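First up is the structure itself, then whatever we jot down about it.
The sequence lines fix the lettering, A, B, ..., with proteins before strands; numbering per chain opens at 1. All of these numbers come straight from a predicted model, not from anything done at the bench.
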Amino acid sequence: MNTNHRNGEVRIGFYICHCGHNIAGMVDCPAVAHYIAKLPGVVVSRDYKYMCSDPGQELIQQDIREHQLNRVVVASCSPLLHEHTFRNAVAAGGLNPFYFQMVNIREHDSWVCTDRGEATAKAKSLSHAAVCRVRFHRALETTRVPIHPDVLVVGGGIAGIHAALTLGNAGKKVYLVERDPSIGGHMAQFDKTFPTLDCAACILTPKMSAVRAHENITLWSYSEVVKVSGYVGNYTVTVKRKPRYVNEELCVGCLECIQACIYKEGKFPDEFNVGLSKRKPIYIPFPQAVPPVVVIDPERCLQVRTGKCKKTCLEACADRKAIDFTQKEELVEIKVGNIIVATGFKLFDAKRIPQYGYGLYPNVVTAIELERLVNSSGPTAGEIVLRDGRPPKSVGMILCVGSRDMKTNRWCSRTCCMHSMKLAQLVREHTDADVTVFYMDIRAPGKGCEEFYDKSLKEGIQFVRGRVAEVTDWALAPEEEGKLVIRVEDTLAGFVRRIPVDMIVLATGMEPQADAQEVRRLFNMSCGTEGWFLEKHPKLAPVSTFTDGVFIAGCCQGPKDIPDSIAQSGAAAAEAMALIDKGYIEQEPNTAYIVEADCSGCKSCIPLCPYTAISFDDAKQKAQINEALCKGCGTCVAACPSASIRQNLFEDEEIFSEIEGVLAYV
Amino acid sequence: MSDPKWQPRIVAFFCNWCTYTAADLAGVSRLKHASNARVIRLMCSGRVDPQFILDALAKGADGVLIGGCHLGDCHYGEGNYKTLRRFQMLQRLLRDMGIEDQRVRLEWISASEGERVKTVINDMVEQIRALGPLNLPQRRQDWDREMTPLAEAAGESESAEQRAEPEAAHA
Amino acid sequence: MKYSYFPGCSLKGLGRAYEESLLPVMQHLGVELVELDDWNCCGATAYMSVDETKAAVLAARNLAIAEKAGPHDLMAPCSACYLVLNKTKHNIADFPEINAAVQRALGNANLTYSGNVPVRHPLDVLVHDVGLDAIKEKVVRPLKGLKVAPYYGCQTVRPYATFDDAWNPTTMDRLLATVGAEVVHFPLKTKCCGGSLTGTVPEAGLRLTYILLKEAVRRGADVIATACPLCQFNLDAYQDQINRRWGPARIATVYFTQLMGLAFGLSPKQLGLKRNFVPMKPLPAEPATV
Amino acid sequence: MQAKKQGLCGRRAASNSAFPWGDAQKMAGLCQRKVRLSAAHQLSLKELRGIIIAWFRGGGHSQRPRHIMMRIERRIKYEGDRVRGFAKEIMSVSGCEQLQSCIQCGTCSGTCPLSIYMDFSPRQVVALVRADFKNEVLRSHTVWLCASCYACTVECPRQIRITDIMYALKQRAIQEGIYPKRFPIAVLAKEFYEMVRRQGRITEMLLVMRLFLKTNWGAALGSWRLGLGVIRTGRFGIRPEHIERRAELAAMLATANSGDGKPKERV
C-alpha cells in the first residue's frame, strides 16, 4: 500500500461538498476551501457539488495519485452517514482508509444556522480542526469477529412469528421467546382484518402452527428474557422460563383438567376476552393457542397458593401426568449472534379520558372489546349486544382516544381509523344499528384503504367530523332519555350537536409497553421521547438500532398495521441473515492500547472497563488490554494518570489538535 | 462590557451514540440554533479527559459543553457515570480558579432529543453571553506579565540569600 | 394552622353568607384566618377582558401584600379570586414580560413579590391540611339522609387547580360524606352556571343554570352544595325567572361550609342560611330546633 | 337561517349584496335602512315589522318573524379582507402562542356550554384569527359570550389556551371600539374595570345599577323582583366598598400603563 510518506511530510487534501443546495445554500463553500488551502500541509483544497457521488470519490482518488496526498479531509454530512463511503474511496485511492477525517457541516451547521456568515465561519472552524487532527492519524487495520449463527426473537406477536419463520425457513436456528402462555399477540384477538375483511384467525393460526412444528424454531412461551450480555455476533442471553405447572411435552390439549377444576364456573377475568368473560385458574388462553397446552395461573390456583386443593385436575389428567405442581422457575442461558425485538404495544387505557365515561357507563366499550363481542368464539358467540343483552339500535364510534392528544399521547396510532371503519362495517353486518363515526381526520393511506373508506360511506355509515367533547347520560330532549349522549361540534356542518346512542365504541390508541424502558435497557437500545424503540435511521435503517446485532420489528418501534409489521419483521430477519451469512463483522479499530513503558501499574483502569478487557500482568507489573474484548469507549484512556493508555482513532494529540483547530478560526 | 462583535466560543464534546446523534437529528429536523458550539465527536462521554476541558478553556474557549447518554443508558454501560464523577471534581477545581459554573456544562441528551440539543446550546450561549468572555489566554499573559518581575525579584533575592548562606554557614 | 385570608368583593356583598359560614367553621377546626391588609379586588374575569397587564398588576398587589404578611398560604374562597390569583401567579412565573410589568408597578408602591405565596382553596385546605379525620371528630350532628349534589363550578378546578381533578373532582364529595351527607352522583359538577351571563344575556346564562337545577332535582338531591359565590347566587336567586321560563326546578343551593357548620352543630342563623332566596329544608329527622 | 343570522346576530352583511327573494328592488331599498334597536340587534324594517306582527299574533318571546326571509349574501373572502399580522399579534400575547397548532377538531366548541349561542364557534374563531380575519372575529359576539369557564382550555388536545385567546380578543375589540356599544357584557367589563380602578373593590349592587343605567332601563325594571329578594335576604350592600390606599393602587396601575409601551388607554 502506498503510504505517500515523502520524508514524513504530511500532504493533506481537503474537499468541501456543496451537497446540492443543502450546504452551499448556507455555507460559502469556495470561501472555506480558500481558507483551508492556506493552512500548513494542505496540498489541495477543493469544493465540489456532490462529494459522495462517483465523480466526487474519483476526484479524491485522482488527487491522491497526482498530488501524493497522504491525508484526506472531507467536509460534508454526518460521519454516521458517509464516513464509510469516503474511507472506502480513500482506500481505493491506495491510502490506508484511516488517514481520513470527516467534518459534519450539514447536520451540525448548514441545516441549523440562519446566518450565512456564521455558518461559513463555523464550517471554517470545524474544517480547520479536522485538518489539524488528520496529521496525527495513523494507518490502522480492522479486525474481524466471527458471528454466532443463532438468532433470538423476542415477542410472539405477528411480527415475531413472521421473523422467526423467515429465519427458520432460511435454515437459521431461532429461539422465539414469548411472555404470555400462547403466541399470537393482539392479532389473535381480532375477528377480521382490514381492508380485505379476511378472518384474522384463518390467516394467523397456520403461521402459529408452523412455528410450533418448525424444526429450526425453539418456542419458549411463558418465558422472559432477563439478561443480555456480549455484543454483535456473540450475545449471551438468559431466559426465565416461568412455571406453567403443566408439562408442555406431555399435555395433549384435551382440556379435561379444565372441566375437572374444583371451580365449577369461570371466576377470573379472561385476559384474551379483555375481561368480558371469566376463566378458571387452569385454562387455555384461547382455542387455537400455540402451544396448545393449558396453563395454571399461580395467583389464582388453590393448590399453588395454599397447597390445599383436591387436585381434581390431576385426577382428570390421569396417566398422562402432564400436570406438575413441582415445577419451578428455570433460568436458561443461550448464545446467539443476533436479536430481533418484537415486543409490540399496549392499548391506551380509556379511563384516562374520563369525559368518555369508560368504566362509568357500561355501554361505553373499547374497540378491542367490540372485537371480542363480534368474534364468533368470543363471549357472546358473535352477538353484538349491550350489557343488558339488547341489541344496540345506534352505535357511536369515537376515534383518536388517547391519540393526537397532548394531554395523553401526541402521536397518531395509525390503525384506529381503519380499525373503526372495519368494526363499523361489522356492526352493520351483525345488527341493524345506525353507526356514526366521530373523527378528526380519516387516515386511510394504505393499499386498499381509501377504497374501504368509500365502501363504508356507501354502506350508510355516518361520519361526523369533530372530536367528541363528552359522553353523558343526562337528557335535554325526549329522544335522549335512557341513552348515552355524545356532545360534539359537527365541524363540517358548523354547529354543536347532541347525538343520543345506545353503545359507544372507543378507538383506543397504541402505547409503548409498560416495561418498554426496562426492555430498552436490557437490549441496550434507545427510545424516542414517546417511548417507542428508536431505529438507527428513520429512513435508511428502519429496523436497525444503535446496538449492532439488535433489530426491531413491529409495533414496538411505533404504531403500525399488520402488513407493515410483517414487512418490518421480514426486513429485520433479512438484516440478521446478512450478518450471519457474511460470517464475521468488521470491528472499528478504535480500541485502546497500552504503552507499556509508561504504565506505572496503578491498576486504576482495571475496574473501569465494562467489558473486563483490561487485566493485570503480575509478572510485568503492567496493565494489559485484550483488544478483542475492547469496544472502544475510551473511559480508561481518560482515567489513566500516566497517559499510558491510548486509543486508536481518538488519540490525545488528535483531540488536543482538534480543540486547537476549532478555536483557531475567530 | 466587551466588544459588541464578540461571540461566545463553545467547544462541545458529544458522545457518538446519544448526543452526537441527537445533534444530527436536530439538523435533520432543521431545528435552528446558535452556531457557537463546535462539536468534537468521541465514542463515549467517558473519554472526556478533564484535560480536554482545561485545554479548551486555556486555548480561548468561553465555555465547554459535554453531552452524553442519560444515566443508565450509556452505550457502554456506565461510561457516563465516570464522566459525571470527573465532572463534579473538575467543577470544584474550576470554581477555585474563579471560572463560573455555567461555563462548563454536562448534559444528558439521548439520540431522540434533537429539540434538547437546540435548547441546551441556545441556553448556554445566552448564559455565557451574559457572563462575557473568559479570555484565558489573554489573562494568562497578564498574569505572566505580573508574575515575571515578581519571579525575577524572588529569584534575585533567592540567589542573594544563596550567596549569603555560605557566609552565614561559615560564620 | 394559620392562613392569610383573601375574602374578595363577593364575600362582602352578595356572597356574604359564604364568609359568615366559612369563618366559624374554620375557627371550629382551629384554623386561623388573618384577613389580608387592605386587599383589593382580584380583577375577576372582567378586568382581563380590558387589560391583561393591569389585571396582573391588580392581582399581584394582593400576592405582594400576602407575601409581606408572613410565610402563610393565601386562602381564597371565592373561586373567581382563586383562579385569578393563581393565574396571575402562573403568568408572572411563565412570562418574563408580565413579570417585568408587575415588578415595576409593585416597586412604585414599595411592594415586592418573589412568587412564594401558594394560593389555596378552602376545599384544598380542609381536605389536605386539616384532614377528613379531624373534621369527622368535630361532627356532632351528622347530616344523615341529606342528599347533596356537589357542585364545584368551573373556576375552582379549572385550569390551574392541582388539588383536584379538572373533570371529576372529589374533594367536596369526600368532605360532605365525612360530615354524614349522602352525596348524589352529579356528572354536571364542573359545568358552567353561566357566570355573569345570567345578568347580561339571561336567555343563555339562565338556561345553563336551569340545566344544573333540573338535573340536581332529577337525581334526587335535597340541596346543591357550592364553593363559589357567583354560582350560589345564580342557582339561588334566579329560580323564579327560571321557573317562569322553563318550568319548575326548585332546590336550595347552599355553600358547602354552611353544611359543614350544620354538622358541627352551629346554628343556621349563625351560618347565614337565612340569606337564601330558596330556603333549605330542615335537616331530615331533625326536630325543628333553633 | 341566513336571515336570522343576519338580523339577530348583528353581523352586518355588505348591504348592497343583500336581496330578499321576490320584490328585489323594493326590498333592497328597505334593507339598506336599518333600524338600530341595539347594536346587537340590527334589523331591517321588514324584519322589525315581522317581529311586531309575530308578537301580536302570540309569538311571545321568540322574536322571530314567522316567515323566513331568504336573503342571499356574498360569502366570498378576498385577500384584501384579511388584516395581515393579526394572527401574529394575538400569538404574541402571553399564553396564546399555541394558537398555530390548532387542528380544528372542535373539542372547544363541543365542551363550550355557550357555543350553542355563538355566531362563530370557538373553533371557527381560532381559524379566523389564524387566517387574519380580524374584522370578522372582533365583530363576532362569540368572545362576549365566553363565560371564562376554561373548559375548552382544559380539554384542548393541543393545549391551546382558548380562554386566554378570548380575553386577548375582548381587549382588542374594546381598544378598537368595535364592540357593540350597548352590549351589556362589554359594558359590564368596562364598568367593572372603572370601579376597581377608582375604588380598588367592587360593590356589586352599585355595579349592577350602573350596568342597567348604561344599557337597559327596561331590564332594571324587569328585575325588581330580584332586587327585592336581595334586599329581603340581607345581601344588599349599597355602602361603597373601597380600599384604604387608593393612591397606591392608582400609582401601580399607572406604571403598568406606561411601562409596556403598548397603547392601552384607549378604553
Inspect the surroundings of [atom1] in [X] and state if more than 12 heavy atoms from other residues, nucleotides or ligands are less than 6.0 Å away.
{"X": "D:E244", "atom1": "CD", "value": "no"}
{"X": "D:Q100", "atom1": "CD", "value": "no"}
{"X": "C:K12", "atom1": "NZ", "value": "yes"}
{"X": "D:K88", "atom1": "NZ", "value": "no"}

Close side-chain approach of [X] and [Y], heavy atoms under 4.5 Å:
{"X": "D:Y150", "Y": "C:C154", "result": "no"}
{"X": "C:L111", "Y": "D:E248", "result": "yes"}
{"X": "D:Q171", "Y": "C:V50", "result": "no"}
{"X": "D:D164", "Y": "C:K87", "result": "yes"}
{"X": "D:T255", "Y": "C:K54", "result": "no"}
{"X": "D:V230", "Y": "C:L14", "result": "yes"}
{"X": "C:R61", "Y": "D:L249", "result": "yes"}

Exercise. D:E204: what forms a salt bridge (charged side-chain N to carboxylate O under 4.0 Å, His left out) with it, not counting sequence neighbours?
Worked result: none
Exercise. Checking side-chain contact (heavy atoms from CB on, under 4.5 Å) for the pair D:F192/C:C41: CA distance, chi angles, key distance, verdict?
Worked result: CA-CA 10 Å; D:F192 190 106; C:C41 172; 3.7 Å; yes
[X] portion near chain C, given a 4.5 angstrom heavy-atom threshold:
{"X": "D:I116", "result": "side chain"}
{"X": "D:R232", "result": "side chain"}
{"X": "D:V154", "result": "side chain"}
{"X": "D:E155", "result": "side chain"}
{"X": "D:I243", "result": "both"}

Out of [options], which one racks up the most heavy-atom pairs below 4.5 Å with chain D?
{"options": "C:G153, C:S49, C:S10", "value": "C:S49"}
{"options": "C:G43, C:P202, C:G107, C:A55", "value": "C:G43"}
{"options": "C:V102, C:N91, C:D37", "value": "C:D37"}
{"options": "C:D240, C:I98, C:L83", "value": "C:L83"}

For this session: Please determine if D:R197 and C:D51 form a salt bridge, counting it only when a charged side-chain N lies under 4.0 Å from a carboxylate O.
Result: no
Problem set entry | Set of side chain to side chain donor-acceptor pair (under 3.5 Å) partners for D:Y167, sequence neighbours left out | D:S148
Exercise. Who passes side chain to side chain donor-acceptor pair (under 3.5 Å) against C:D94, sequence neighbours left out?
Worked result: none
Exercise. Which of residues 186-194 of chain C get closer than 4.5 angstrom to chain D, counting heavy atoms alone?
Worked result: C:C192, C:G194
Segment of [X] engaging chain D (4.5 angstrom heavy-atom cut-off):
{"X": "C:A204", "value": "both"}
{"X": "C:W167", "value": "side chain"}
{"X": "C:F277", "value": "both"}

Seminar exercise, completed: Of all heavy-atom pairs linking C:L197 and D:A147, the shortest is CD1-CB, 4.0 Å
Exercise. If you take all heavy atoms of C:R275 and D:G234, which pair is closest and at what distance?
Worked result: NH1-O, 2.6 Å
For this session: Examine distances only and state if a side-chain atom of D:Y117 and a backbone atom of C:E203 form a donor-acceptor pair shorter than 3.5 Å.
Result: yes
Exercise. Backbone N or O of C:N40 within a donor-acceptor pair of the D:R201 side chain at under 3.5 Å?
Worked result: no
For this session: Just give me the residue among D:H242, D:R245, D:Q199 that pairs up with chain C most often, heavy atom to heavy atom, under 4.5 Å.
Result: D:R245
Exercise. Among D:P113, D:G95, D:S94, who wins on heavy-atom pairs under 4.5 Å with chain C?
Worked result: D:S94
Exercise. What distance do D:L253 atom CG and C:L58 atom CG have between them, rounded to the nearest 0.5 Å?
Worked result: 6.0 Å
For this session: Run the numbers on D:L145 and C:V201 for side-chain contact (heavy atoms from CB on, under 4.5 Å), then give the verdict.
Result: CA-CA 8 Å; D:L145 281 173; C:V201 191; 4.2 Å; yes
For this session: Would you please test C:D236 and D:R235 for salt bridge (Lys or Arg N to Asp or Glu O under 4.0 Å) and show each step?
Result: CA-CA 13 Å; C:D236 184 28; D:R235 303 197 200 180; 2.9 Å; yes
Problem set entry | side-chain contact (heavy atoms from CB on, under 4.5 Å) evaluation trace for D:T153 with C:R158 | CA-CA 9 Å; D:T153 300; C:R158 280 192 301 256; over 6 Å; no
